[in-house]
Amino acid sequence: TFKEQEERKTMQLQEERTNNLIKQDESLMARAERLRERIAEAQRLLRDRVTFGKSNIHGWGLIAKTHIKAGTMVVPFRGESVRPSVANLREKAYEASGRDCYLLMADPKTVIDTTAKGNVARFTNHSCNPNMYTKIVSADGASHIIFFTRADVKPGEELTYNYRFDAEEGRVPCYCGAYNCRGFLC
């Protein structure tokens, strides 16, 4: 009958939609697994690729030990995940004590603080003409800040990115020395 045919069509459509959702979910899970593998690989190769040393820009810097191709995932920014309100309090405490602070926003609800707990990514200095960029990726239900190279990097070259500071209280001087240096970080 016509009614049975309509019910079969509806059931087929629902089954197709369910199968499509399952395929999409499997695809997302596969991409998340590949991302986890890439992050693990970047972490595993970290000691071979980079070190930290005196910087011509400011204090310590992240230095390439080997040639790194453009588009390479170099290092995840690891540290303690805190809420922005906690990060603001810590920043004030670090400044009051004369301590350098290493805070980077992962998403509107999460700031990564590597001041006391973190990896060598915290030594990455600002440049107005950076050779890396940050990308926020989600894996395992958390946001991760990952540094990627935007250009080929030679051994001995300092790895930098654009801090993209907002002007909160005055302007922070920039010492990157790039041909296009703005003179300030904000």
Side-chain angles (χ1 to χ4, degrees), residues 30-82 87 90-91 94-95 98-107 110-140 142-166 171-186:
R31 281 192 294 192
E33 182 60 31
R34 284 193 303 274
L35 178 60
R36 279 192 294 275
E37 289 170 3
R38 287 186 67 199
I39 292 171
E41 178 187 17
Q43 194 67 40
R44 193 173 55 256
L45 295 174
L46 187 59
R47 286 193 177 154
D48 295 334
R49 285 186 180 156
V50 301
T51 188
F52 69 96
K54 287 302 283 172
S55 167
N56 291 327
I57 298 172
H58 173 77
W60 297 98
L62 193 62
I63 312 295
K65 289 167 74 175
T66 62
H67 180 267
I68 305 172
K69 289 184 177 184
T72 300
M73 181 186 289
V74 179
V75 59
F77 192 79
R78 300 229 190 246
E80 186 179 3
S81 296
V82 297
R90 286 186 179 184
E91 182 178 21
Y94 295 148
E95 286 175 1
R99 191 173 181 190
D100 285 338
C101 91
Y102 304 94
L103 301 166
L104 196 56
M105 185 171 280
D107 60 45
T110 312
V111 175
I112 309 297
D113 182 356
T114 66
T115 305
K117 303 173 186 174
N119 63 358
V120 295
R122 70 180 175 201
F123 296 113
T124 308
N125 282 315
H126 166 84
S127 176
C128 296
N129 187 31
N131 53 18
M132 289 198 306
Y133 64 94
T134 57
K135 189 172 184 181
I136 299 169
V137 296
S138 295
D140 301 324
S143 294
H144 301 272
I145 302 170
I146 311 290
F147 286 93
F148 290 85
T149 49
R150 79 170 54 246
D152 287 352
V153 178
K154 298 177 196 132
E157 188 175 343
E158 183 168 356
L159 295 158
T160 59
Y161 78 106
N162 185 342
Y163 285 4
R164 297 184 302 258
F165 276 177
D166 290 329
R171 297 171 70 162
V172 179
C174 177
Y175 304 107
C176 74
Y179 72 91
N180 62 336
C181 181
R182 297 182 305 272
F184 297 94
L185 300 186
C186 47

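Under a 3.5 Å cut-off, the side chain of N125 and the backbone N or O of T160 do not form any donor-acceptor pair. In this structure a side-chain-to-backbone donor-acceptor pair under 3.5 Å is present from T149 to T72.
Every side chain to side chain contact (heavy atoms under 4.5 Å, CB included) that N129 has, sequence neighbours left out, goes to S127, A178, Y179, N180. Applying the ring pair (Phe, Tyr, Trp, His ring centres under 6.0 Å) test to Y102 and every residue at least two apart in sequence or in another chain returns nothing. Under the side chain to side chain contact (heavy atoms under 4.5 Å, CB included) criterion, I63 pairs with T51, E158, sequence neighbours left out. Applying the side chain to side chain contact (heavy atoms under 4.5 Å, CB included) test to E157 and every residue at least two apart in sequence or in another chain returns N131, V153, K154. Residues passing the side chain to side chain contact (heavy atoms under 4.5 Å, CB included) test with K135 are Y133, V137, F148, sequence neighbours excluded.
Taking the side chain as every heavy atom from C-beta outward, L159 and F147 never approach each other to under 4.5 Å. Looking at heavy atoms from C-beta onward, F77 lies out of side-chain contact with T134 at the 4.5 angstrom threshold. By the 4.5 Å heavy-atom criterion applied to side chains, R150 and P130 are counted as neighbours. Put simply, the side chain of V75 does not reach to within 4.5 Å of the side chain of V50, judged on heavy atoms.
A distance of 10.0 Å separates CZ in R78 from CD1 in I112, rounded to the nearest 0.5 Å. A distance of 5.0 Å separates OG1 in T115 from CG in L103, rounded to the nearest 0.5 Å. With values rounded to the nearest 0.5 angstrom, I136 atom CD1 is found 7.5 Å from L104 atom CG. Between I146 atom CD1 and M132 atom CE the span is 11.5 Å, to the nearest 0.5 Å.
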Checklist entry - Going through the checks in order, is the side-chain contact (heavy atoms from CB on, under 4.5 Å) test met by C174 and H126? => result CA-CA 8 Å; C174 177; H126 166 84; 3.5 Å; yes

Next on the checklist: As a quick check of understanding, evaluate side-chain contact (heavy atoms from CB on, under 4.5 Å) for K54 and W60, giving each step before the final call.
Outcome noted: CA-CA 5 Å; K54 287 302 283 172; W60 297 98; 4.1 Å; yes

Item to check | Candidate pair V111 and S81, rule side-chain contact (heavy atoms from CB on, under 4.5 Å), full reasoning | outcome: CA-CA 6 Å; V111 175; S81 296; over 6 Å; no

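The neighbour count for H67 NE2, taken as heavy atoms of other residues, nucleotides or ligands under 6.0 Å away, is above 12.
Within the structure, salt bridge (Lys or Arg N to Asp or Glu O under 4.0 Å) contacts touching residues 111-122 (residues at least two apart or in different chains) are R90-D113.
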